[in-house]
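Have a look at the structure below, then the notes.
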Amino acid sequence: MEYKQIVVAVDGSEAAEKAFIKSIDIAKRNDARLILAHVIDSRTFATAESYDRSLAERSEEYAKELLDSYVESAKNAGLKHLVRCIEYGSPKIKIAKTIANNFHADLIICGATGLNAVERFIIGSVSESITRHATCDVLVVR
């Protein structure tokens with residue numbers, strides 16, 4: 001099977017970095033388009049913005065800088081078909097349902113979270129949610 005539309009979820013974490021590195025190899029092998037996706041979790045803005053109005057603006061600037069650095073690294077690795085994607089909302093839902101569907105993804109790559117068992121039970125992990133809701137293959141990188 002070949003993958004032609006690969007979404008890689010990035011957030012700047014060590015787990016996301018591992019997922020990104022793996023996505024470059026897979027995209028090169030498949031001559032695929034790599035969609036670099038970052039979701040700004042806007043649920044935190046509702047309460048925090050009453051104290052700091054620049055939070056959303058800073059989050060968007062961080063997302064742009066983050067994706068620019070990933071795009072540069074991917075280009076240096078030889079990839080040509082790259083797309084940046086920034087969404088607002090819950091990463092658990094946006095990655096699997098919105099982003100993957102909008103780009104007709106046949107593979108989603110994400111990093112495994114470092115949450116402990118109690119935290120996973122209470123809030124669940126993003127990678128777990130992606131695997132549950134995705135309609136395409138998902139690779140969780142450790």
Side-chain angles (χ1 to χ4, degrees), residues 2-116 118-142:
E2 286 190 342
Y3 296 110
K4 291 298 174 189
Q5 307 291 334
I6 301 171
V7 170
V8 58
V10 293
D11 62 5
S13 68
E14 184 179 325
E17 182 69 23
K18 290 177 182 178
F20 171 69
I21 291 166
K22 181 80 72 173
S23 74
I24 288 175
D25 291 338
I26 295 170
K28 285 169 91 171
R29 277 197 311 265
N30 290 274
D31 192 30
R33 178 167 71 156
L34 186 62
I35 298 101
L36 298 150
H38 178 78
V39 178
I40 299 170
D41 195 342
S42 57
R43 297 170 303 166
T44 59
F45 296 158
T47 54
E49 279 219 319
S50 60
Y51 301 104
D52 184 357
R53 295 262 181 231
S54 67
L55 185 59
E57 192 176 290
R58 287 196 327 258
S59 295
E60 189 169 332
E61 187 60 35
Y62 170 76
K64 288 177 182 175
E65 289 174 7
L66 180 70
L67 291 184
D68 285 347
S69 71
Y70 281 121
V71 165
E72 186 175 332
S73 294
K75 284 181 179 178
N76 290 340
L79 290 182
K80 294 179 178 76
H81 311 293
L82 300 164
V83 177
R84 294 173 183 87
C85 178
I86 298 173
E87 288 280 342
Y88 288 87
S90 168
K92 291 180 177 185
I93 303 301
K94 286 287 185 176
I95 294 165
K97 292 193 172 185
T98 305
I99 297 170
N101 289 338
N102 287 350
F103 288 99
H104 307 289
D106 41 28
L107 177 64
I108 301 170
I109 302 175
C110 61
T113 64
L115 296 176
N116 65 40
V118 173
E119 289 171 315
R120 276 197 308 271
F121 177 74
I122 295 170
I123 61 173
S125 72
V126 173
S127 59
E128 178 186 19
S129 182
I130 290 170
T131 58
R132 193 177 323 118
H133 293 104
T135 56
C136 63
D137 291 350
V138 177
L139 174 61
V140 179
V141 179
R142 294 198 178 276

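When reading the values below, keep in mind they use all heavy atoms of this one structure, side chains included, and skip hydrogens, waters and symmetry mates. Bear in mind the structure is a predicted one, so any value in this text is a computation, not a measurement.
- To the nearest 0.5 Å, the span separating CD on E61 from OG on S59 amounts to 10.5 Å.
- Looking only at side-chain heavy atoms (C-beta outward), D137 and L139 stay at 4.5 Å or farther from each other.
- Without hydrogens or angle criteria, H81 side chain to A32 main chain gives no donor-acceptor distance under 3.5 Å.
- Nearest approach of D41 to S90, heavy atoms of both residues: OD1-CA, 4.4 Å.
- Using a distance-only test at 3.5 Å, with no hydrogens or angles considered, a donor-acceptor pair links the side chain of D106 to the main chain of K4.
- Distance CD1/I21 to CD1/I26: 12.0 Å, rounded to 0.5 Å.
- Shown here for A100 and V7, the closest heavy-atom pair between the two residues is CA-CG2, 4.3 Å.
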Would I109 and L107 count as a side chain to side chain contact (heavy atoms under 4.5 Å, CB included) if you check the C-alpha gap in whole Å, the side-chain angles of each, and the deciding distance to 0.1 Å? CA-CA 7 Å; I109 302 175; L107 177 64; 3.9 Å; yes
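- Looking at R29 and Y3, their side chains never come closer than 4.5 Å, going by heavy atoms from C-beta outward.
- Atom OG of S127 is separated from atom CD1 of I108 by 11.5 Å, given to the nearest 0.5 angstrom.
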E65 and D68: CA distance, side-chain angles, deciding distance, side chain to side chain contact (heavy atoms under 4.5 Å, CB included) verdict: CA-CA 5 Å; E65 289 174 7; D68 285 347; 5.6 Å; no
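- For A15 against A112, the heavy-atom pair with the smallest separation is CB-O, 3.1 Å.
- Nearest heavy-atom pair across C136 and A105 is CB-O, 3.4 Å.
- Smallest separation of non-hydrogen atoms from A16 and A9: CB-O, 4.0 Å.
- The line from CD1 of I95 to CG of N101 is 13.0 Å long, rounded to the nearest 0.5 Å.
- Note that CG of N30 is 11.0 Å distant from CG of D25, once rounded to the nearest 0.5 Å.
- Listed by chain and residue number, S129 satisfy the side chain to side chain donor-acceptor pair (under 3.5 Å) test with H133 (two or more places apart in sequence, or in another chain).
- To the nearest 0.5 Å, the span separating NZ on K80 from NZ on K28 amounts to 9.5 Å.
- F103 pairs by the side-chain contact (heavy atoms from CB on, under 4.5 Å) definition with R33, I35, V83, C85, I99, not counting sequence neighbours.
- Listed for the K64 side chain is no donor-acceptor partner under 3.5 Å among the backbone atoms of I86.
- For Y70 against F20, the heavy-atom pair with the smallest separation is O-CZ, 3.3 Å.
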